[in-house]
A.B. asks: 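Dropping a structure here in structure tokens format, bear with me for questions.
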Amino acid sequence: MIRINLLPVRAAKKRELVRQQAMAAGGVVLLLAVAIGAVHWTLLAEVEATAARTQEIRAEIARLQAVIGEVKEFKKKKRDLEEKIDVIGKLEERQRGPVRVLHELARTVPEKLWIERFKDANGALSLEGVAIDNQTIARFMTDLEASPWFRSVRLDVTRQVTRGDANLKSFSIQAAAAYPKGGG
């Protein structure tokens with residue numbers, strides 16, 4: 001029988017197979033390295049983009065913080081100005097209120113009645129004077145009660161007094177001034 005030595009062919013086939021497997025493994029490793037590199041490069045680009053976006057957002061936040069500070073300052077100034085306007089309005093009303101009350105008092109005083117003393121203590125009015133008779137005092141009180149500027153009108157006392165040759169009636173009236181609210 002003839003023997004053929006196939007060992008060198010088997011060895012060559014084996015070497016060729018190992019070489020092909022090594023090439024395939026090398027190709028796989030190379031593809032894997034390229035894939036890892038691509039993923040790494042993509043992730044690195046995303047990280048850089050995210051870092052850049054984060055910087056932009058931080059810059060925007062800093063800008064908006066400055067705007068918020070300005071808005072808070074404007075709100076504070078607005079509130080201060082509104083308070084000043086309210087104070088001015090109240091001062092103007094306090095200034096006009098007594099003038100209107102005195103004008104109304106002068107308008108309601110009858111011809112034969114004289115106010116000798118007028119006192120205003122924060123809206124509590126005290127009137128003292130003389131009149132020719134009780135009917136004149138009563139008409140004066142009725143006119144005061146009918147006025148929108150006076151309320152709670154009440155007579156404290158009336159007395160007979162003599163001034164010169166005339167017999168007059170002295171009176172004392174208490175009332176409350178109805179100062180308008182809110183700029184009237």
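For clarity, every value in this text was computed on a predicted model and none was experimentally measured.
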A.B. asks: Are L155 and V130 connected, step by step, through hydrophobic side chains (Ile, Leu, Val, Met, Phe, Trp, Tyr) whose heavy atoms are closer than 4.5 Å?
C.D. replies: no
A.B. asks: Which value, rounded to the nearest 0.5 Å, describes the distance between R139 atom CZ and N134 atom CG?
C.D. replies: 13.0 Å
A.B. asks: Does the salt bridge (Lys or Arg N to Asp or Glu O under 4.0 Å) test come out yes or no for K78 and E82, once each step is laid out?
C.D. replies: CA-CA 6 Å; K78 179 186 174 203; E82 287 173 346; 3.7 Å; yes
A.B. asks: Identify every side-chain donor-acceptor pair in residues 47-73 under 3.5 Å, counting partners at least two apart or on other chains, and give the distances.
C.D. replies:
unit_1, atom_1, unit_2, atom_2, d
T50, OG1, E46, O, 2.7
R53, NH1, E56, OE1, 3.3
T54, OG1, T50, O, 2.7
E60, OE1, R63, NE, 3.4
E60, OE2, R63, NH2, 2.7

A.B. asks: For residues P148 and A178, report the shortest heavy-atom separation together with the two atoms involved.
C.D. replies: O-CB, 3.4 Å
A.B. asks: Might you work through the side-chain contact (heavy atoms from CB on, under 4.5 Å) test for F171 and I173, ending with a clear yes or no?
C.D. replies: CA-CA 7 Å; F171 65 88; I173 296 175; 3.7 Å; yes
A.B. asks: What is the distance from atom CD of E111 to atom CG of L113, rounded to the nearest 0.5 Å?
C.D. replies: 11.0 Å
A.B. asks: Would you compute the distance between atom CG of L105 and atom CZ of F140 and round it to the nearest 0.5 angstrom?
C.D. replies: 5.0 Å
A.B. asks: Report yes or no: do W114 and L127 belong to one cluster of Ile/Leu/Val/Met/Phe/Trp/Tyr joined by side chain heavy-atom distances under 4.5 Å?
C.D. replies: no
A.B. asks: To the nearest 0.5 Å, tell me how far I88 CD1 sits from E83 CD.
C.D. replies: 12.0 Å
A.B. asks: What do you reckon, is CG of D80 surrounded by more than 12 foreign heavy atoms closer than 6.0 Å?
C.D. replies: yes
A.B. asks: Under 4.5 Å between side-chain heavy atoms, hopping through other hydrophobics if needed: is there a path connecting I137 to L168?
C.D. replies: no
A.B. asks: Test salt bridge (Lys or Arg N to Asp or Glu O under 4.0 Å) on R159 and E128; report intermediate values, then the result.
C.D. replies: CA-CA 11 Å; R159 285 186 213 110; E128 294 179 11; over 6 Å; no
A.B. asks: In plain terms, say whether R107 and E104 are close enough for a salt bridge, that is, a side-chain N and a carboxylate O under 4.0 Å apart.
C.D. replies: yes
A.B. asks: Mind checking the CZ-CG spacing from F118 to D120? Nearest 0.5 Å is all I need.
C.D. replies: 5.0 Å
A.B. asks: Could you tell me the separation between the CD atom of Q21 and the NZ atom of K14, rounded to the nearest 0.5 Å?
C.D. replies: 11.0 Å
A.B. asks: Please check if the side chain of T136 supplies one atom and the backbone of I132 the other of a donor-acceptor pair under 3.5 Å.
C.D. replies: no
A.B. asks: Hydrophobic clustering (ILVMFWY, side-chain heavy atoms < 4.5 Å, transitive) - are M141 and V101 grouped together?
C.D. replies: yes
A.B. asks: In terms of side-chain geometry, is the basic nitrogen of E116 or R163 positioned less than 4.0 Å from the acidic oxygen of its partner?
C.D. replies: yes
A.B. asks: Can you name the closest pair of heavy atoms from F150 and L144 and give their distance?
C.D. replies: CB-O, 3.4 Å
A.B. asks: Check D156 against Q174 and note the closest heavy-atom contact, atom names and distance.
C.D. replies: OD2-CG, 2.8 Å
A.B. asks: What about V161 and I115, same hydrophobic cluster or not, with Ile/Leu/Val/Met/Phe/Trp/Tyr joined at side-chain heavy-atom distances under 4.5 Å?
C.D. replies: no
